[in-house]
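Here the structure is laid out as structure tokens; the discussion comes afterwards.
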Amino acid sequence: MSLTRHDVESIAYLARLSLSDAELPAYVDSLSKILHLVEQLNAADTADVEPMAHPLADQVQRLRDDVVTEEDRREKYQRNAPAVEAGLYLVPKVIE
Amino acid sequence: MTELHHHTLAELAAGLRARRFSSVELTKHFLERIERFNPDLNAFITVTAERALEAAEAADRQLAAGEGSPLLGVPIAHKDIFCTDGVLTTCASRMLSNFVSPYDATVVERLSQAGAVSLGKTNMDEFAMGSSNETSWYGPVKNPWDPTKVPGGSSGGSAAAVAARVVPAATGTDTGGSIRQPAALTGLTGLKPTYGRVSRYGMIAFASSLDQAGTLTQTAEDAALLLSVMAGFDPRDSTSVEAPVPDYLAALDQPLQGLKIGVVKEFFDEGLDEQSAALVREALKQYEKLGARLIEVSLPNLPLSVPAYYVVAPAECSSNLARFDGVRFGYRCENPVDLLDMYTRSRGEGFGPEVKRRIMTGTYVLSAGYYDAYYLKAQKVRRLIADDFAKAFTEVDVLMGPTTPAPAFDIGAQGDDPIKMYLNDIYTIGANLAGLPAMSIPCGFVGHLPVGLQIIGPHFAEAKLLNVAHGYQRETDWHKRIPRGYE
């Protein structure tokens, strides 16, 4: 199927991506092409086929004991933050 | 005269033990080569010379005391997708262009504990999304065999670096072919292990049900050496497999007499370059001479692997890359007016066009009303493809075919058509969808450009794959060729 400019704008909003007006037409075109490629999947008969989420059939997700295993490394981690103050991450005002 | 960079990783490791040269000498030699050739190749994003020399000195002290693992003192490089404590780790994205990792990936930690000396971090497609290394924020990597050609991707920097012998071996990751395709395009041995064989901890996530770490080396023996250290259970990766790691080196020399090779019919259908096909058939004949039997097999759902992949991988990517929000790490836009503006502009400016395209594809196929038609459908087709492989492995030991449809293409040739680029991985994606181990080894040249033979095995058959690759490399010398200008 082909997407419209409006479709791509709403996908970009859902994905929290700002796109310039100049960028939009190229995405409308390439995303439509990708969906067209993906539509080949309709040719496969998948009645009674279980969806496969994990490539190894008999693996189960492990659980671990609910105990603290990580030490506090907040200071080190916050060195990568764009803005911090008093150990807190700063973001634009959320509540007026 | 044989120079240090003419040696394989295994030969260098033996030379270090015999004290024919020191780790510091080796490290300096390769650092000098990086300095000389990297401005043209653009294979490295970060070179960690000082750290490397310190590690080499420590290795030499241990070697003098007769201690340590087989990798002690050998230089390697890591794809810039592996978090490295205290070192810039960018994933070739503007988004992480200021990210100094606060911890080591398990792959980095294990190789470093084994004494391997990391020279730096290699260039790649942004967030490992690409097949040409052209999506990197740090610019394209050149193919050492021809600077007008791409080295493949996404592990293109690792491939170019090893092919040019500016480092003897490097790590990579493979989500849809990102180790095997660049290995094929640069004349290297590329190994993608079974899903879950090597820990994904600290490996920046693209598509978590497909991502797997592996190696780009000159030989299968070198791949065995590295995998022996990299493989194994890691509680920090929830899909790491709890299974013993076999002795990959011990299995290398087993005879190939009686090996049953499945020749995948669909790999030779239209779309495959004729000269590449002829070289792959020549390699199959060589295996017959070594005592193997060729059996034609069909994987009827394989042609659907590209469409299935371009639902599953973008879906997982859109979810994984949601973490880049400009709050805790990574790029933040200038002067955001509110939270939404900060999210959308940080992401819009921080990600490149291909990454944005995949995030949006994933967002769309997971969105309300489309989930069943796209995502669930693709997961069902994924099972059909995996079942085809499983059936084939009841009849044969390994599968073989080409790694890529054609040798390396021109930088810029595939322009703005994503589909054309996606089809580069048409032969490699199947193994990722099914979680299978697979390799590419060099099997000849079209003109001056290398061609790869792909070998795919059942789950956890890395030892068999390495044995099969090594058997061929004992009889051929394609893997010993060095591109002109880098001898």
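Note on naming: letters A, B, ... go to the chains in the order of the sequence lines (proteins, then strands), and numbering restarts at 1 for each one. Since the structure is predicted, the reported quantities are computational estimates derived from the model, not experimental observations. Below, each value reflects all heavy atoms present in this structure, side chains not excepted, and no hydrogens, waters or symmetry copies.
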Donor-acceptor pairs under 3.5 Å, chain A to chain B, main chain and side chains both?
unit_1, atom_1, unit_2, atom_2, d
A:Ala15, O, B:Arg347, NE, 3.1
A:Ala15, O, B:Arg347, NH2, 3.1
A:Arg16, O, B:Arg347, NE, 3.1
A:Ser18, N, B:Thr344, O, 3.0
A:Ser18, OG, B:Thr344, O, 3.2
A:Glu23, OE2, B:Lys356, NZ, 3.1
A:Tyr27, OH, B:Pro353, O, 3.3
A:Ser30, OG, B:Arg357, NH1, 3.2
A:Ala44, O, B:Lys377, NZ, 2.9
A:Thr46, OG1, B:Lys377, NZ, 2.9
A:Glu50, O, B:Arg383, NE, 2.5
A:Pro51, O, B:Arg383, NH2, 3.2
A:Met52, N, B:Gln379, O, 3.0
A:Arg62, NH1, B:Ser240, O, 3.0
A:Arg62, NH2, B:Asp237, O, 2.9
A:Lys76, NZ, B:Asp85, OD1, 2.9
A:Lys76, NZ, B:Asp85, OD2, 3.2
A:Lys76, NZ, B:Pro102, O, 3.1
A:Asn80, OD1, B:Val100, N, 3.0
A:Asn80, ND2, B:Val100, O, 2.7
A:Ala81, N, B:Arg328, O, 3.4
A:Leu90, O, B:Arg332, NH1, 3.2
A:Leu90, O, B:Arg332, NH2, 2.7

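Proximity to chain A (any heavy atom under 4.5 Å) is shown, for B:Phe324, by neither the backbone nor the side chain. Within the 4.5 angstrom heavy-atom criterion, only backbone atoms of B:Pro235 (N, CA, C, O) approach chain A. Proximity to chain A (any heavy atom under 4.5 Å) is restricted, for B:Leu340, to the side chain, taken from C-beta onward. Looking at B:Ile419, the atoms closer than 4.5 Å to chain A (heavy atoms on both sides) all sit in the side chain, from C-beta outward. Both the backbone and the side chain of B:Met360 come within contact range of chain A, with heavy atoms under 4.5 Å apart. Using a 4.5 Å cut-off between heavy atoms, A:Leu3 contacts chain B through its side chain alone, with no backbone atom that close.
Nearest heavy-atom pair across B:Gly326 and A:Pro82 is O-CG, 3.4 Å. Residues B:Gly348 and A:Leu17 approach most closely at N-CD2, 4.1 Å, considering heavy atoms.
Between chain A and the options B:Ala308, B:Pro303, B:Ala386, B:Gly196, heavy-atom pairs under 4.5 Å are most frequent for B:Ala308. Ranking A:Ala83, A:Ala43, A:Ala26, A:Ala15 against chain B, the residue ahead of the rest is A:Ala15, based on heavy-atom pairs under 4.5 Å. The choice from A:Val94, A:Leu14, A:Leu35 that makes the most heavy-atom pairs within less than 4.5 Å of chain B is A:Leu35. Taking chain A as the reference chain and counting heavy-atom pairs below 4.5 Å, the highest number among B:Val327, B:Val311, B:Leu376, B:Val381 is found for B:Val327.
For B:Phe206, the ring-ring contact (aromatic ring centres under 6.0 Å, His included) criterion is met by no residue, not counting sequence neighbours.
Once rounded to the nearest 0.5 Å, the distance linking CD1 of B:Ile359 with CD1 of A:Ile11 reads 12.5 Å.
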